[in-house]
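Shown next, in structure tokens, is the structure this report addresses.
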Amino acid sequence: MRILAENHVHLLDPSELMRPEPSFADKNPSKFRDYSVDTTDPLKERVRQTYRQMHLNQTVDFVKGRRDRWLKFNTIKMTVREALEKLNDLVDESDPDLDLPNIIHAFQAAERARAEFPEHDWLHLTALIHDLGKIMAFYDEPQWAVVGDTFAVGCRWGDSIVYRNESFEGNPDGNNPAYNTKYGIYEPNCGVDNLLMSWGHDEYMYNVLKHNKTKLPHVACNIIRFHSFYPWHNGGDYKHLEAPKDADTKKWVLIFNRYDLYTKSEVVPDIDALWPYYQTLIDKYLPGVIEF
């Protein structure tokens with residue numbers, strides 16, 4: 001697989017994309033994203049309970065309220081480095097693959113992108129900051145409204161959403177005829193850009209980038225916006241809402257997910273040694289103090 005131009009991607013067969021070479025991870029790729037239920041396993045139970053709260057509470061009204069709260073960008077001002085270092089204190093409660101601070105995962109993903117595509121520095125920075133929206137967790141936002149897979153609200157929930165069969169029980173949108181049909185509030189083939197997504201770090205960071213006039217290409221912003229939308233890009237849901245242009249977004253997200261998912265391991269990168277390189281990218285694409 002090789003990128004020929006910034007907006008033209010030649011992909012491997014999709015099945016090959018999801019079966020990376022063994023060197024991608026310290027464990028077999030089939031062991032990633034294990035959402036099996038085991039109430040005796042503290043990690044598995046933490047993950048399940050995080051998704052239960054997410055699926056119970058993420059409604060159309062809730063999402064609109066969170067957008068009104070966070071998209072004023074008046075919470076805090078800090079540099080990208082300061083925000084990344086804040087992630088030292090965050091462990092993602094929805095992640096079944098790793099129980100380490102989020103900043104370590106950020107550098108793991110960025111270094112894999114850098115190794116495979118050294119000529120595309122924008123992709124390296126995209127990987128480094130893709131989870132930066134998780135800083136909401138430090139400002140009174142519960143993790144179930146920050147982390148985890150995202151999904152569209154305002155229409156029937158996708159079949160491939162993790163814990164789908166039981167975790168939405170009690171969510172009032174499921175009984176609302178305006179929101180519980182195939183199309184719900186949307187038009188056929190309206191495009192994923194027009195979906196009202198469950199509130200989380202993806203949508204927040206996408207809007208932070210746009211608000212702060214990032215110089216990252218739009219495809220990078222879309223990678224961040226939809227990288228957790230697994231029911232769409234991995235599960236095959238919501239095809240009836242796709243627009244033709246969404247095919248390109250999906251290709252880029254699938255490429256990116258090689259770095260996001262399969263680099264999670266207990267191998268900790270030398271962050272201090274890596275900072276000088278990544279600071280040059282921050283200065284190039286998202287410099288100065290950022291409004292969050």
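Going from atom CG of Leu87 over to atom NZ of Lys134 covers 8.0 Å, rounded to the nearest 0.5 Å. Interatomic distance, CG of Leu286 versus CG of Asn212, reported as 6.5 Å (0.5 Å rounding). The structure places OG of Ser198 at 11.0 Å from CH2 of Trp144, a figure rounded to the nearest 0.5 Å.
Here the two rings, on Phe292 and Tyr139, have centers that are 6.0 Å apart or farther. For His240 and Tyr186, the ring centers are positioned 6.0 Å apart or more.
Salt bridge present: Arg258 and Glu116 bring a charged side-chain N and a carboxylate O closer than 4.0 Å. Between Lys86 and Glu82 there is no salt bridge, since none of the side-chain N atoms of the basic residue sits less than 4.0 Å from a carboxylate O of the acidic one. A salt bridge does not link Glu203 with Arg66: none of the charged nitrogens is closer than 4.0 Å to a carboxylate oxygen.
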Report the C-alpha distance between Lys72 and His211 in whole Å, list the side-chain angles of each, state the deciding distance to 0.1 Å, and finish with yes or no for side chain to side chain donor-acceptor pair (under 3.5 Å).
CA-CA 10 Å; Lys72 290 182 173 66; His211 172 74; over 6 Å; no
Just do the side chain to side chain donor-acceptor pair (under 3.5 Å) check on Ser167 and Arg48 with the steps written out, would you?
CA-CA 9 Å; Ser167 64; Arg48 188 178 72 87; over 6 Å; no
Side chain to side chain contact (heavy atoms under 4.5 Å, CB included), that's the test. Do Trp275 and Phe107 meet it? Break it down for me.
CA-CA 10 Å; Trp275 266 124; Phe107 276 93; 4.1 Å; yes
Walk me through whether Tyr179 and Ile185 qualify under side chain to side chain contact (heavy atoms under 4.5 Å, CB included).
CA-CA 6 Å; Tyr179 301 147; Ile185 62 176; 3.6 Å; yes
Evaluate His130 against Tyr259 for ring pair (Phe, Tyr, Trp, His ring centres under 6.0 Å), listing each step before the verdict.
CA-CA 11 Å; His130 73 280; Tyr259 318 133; 10.0 Å; no
Show, in sequence, the C-alpha distance, side-chain angles and deciding distance for Glu45 and Gln49, and conclude whether the side chain to side chain donor-acceptor pair (under 3.5 Å) test is met.
CA-CA 6 Å; Glu45 190 61 7; Gln49 291 298 334; 3.1 Å; yes
Side chain to side chain contact (heavy atoms under 4.5 Å, CB included) between Met197 and Asp202, worked out
CA-CA 9 Å; Met197 300 299 300; Asp202 299 47; over 6 Å; no
For the pair Asp193 and Asn222, evaluate side chain to side chain contact (heavy atoms under 4.5 Å, CB included) and give the outcome as yes or no after the intermediate values.
CA-CA 9 Å; Asp193 286 353; Asn222 270 348; 4.1 Å; yes
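A perpendicular orientation is assigned to the rings of His120 and Phe117, their planes being inclined by more than 60° (bins at 30° and 60°). Between Tyr51 and His55, the ring planes are tilted. Angles from 30° to 60° get that label.
In Lys245, the NZ atom is crowded: over 12 heavy atoms of neighbouring residues, nucleotides or ligands sit closer than 6.0 Å. More than 12 heavy atoms of other residues, nucleotides or ligands shown are found within 6.0 angstrom of NZ on Lys210. Counting non-hydrogen atoms of other residues, nucleotides and ligands closer than 6.0 Å to CG of Asp140 gives a total of 12 or fewer.
For Arg164 and Phe151, the positive end is not near the middle of the six-membered ring at less than 6.0 Å and at most 45° from its axis.
Exactly one of Gln143, Glu141, His227 qualifies for a side chain to side chain donor-acceptor pair (under 3.5 Å) with His201. That residue is His227. Checked options Asn257, Asp149, Asp237, Thr150; the residue passing with Tyr230 is Asn257 (criterion: side chain to side chain donor-acceptor pair (under 3.5 Å)).
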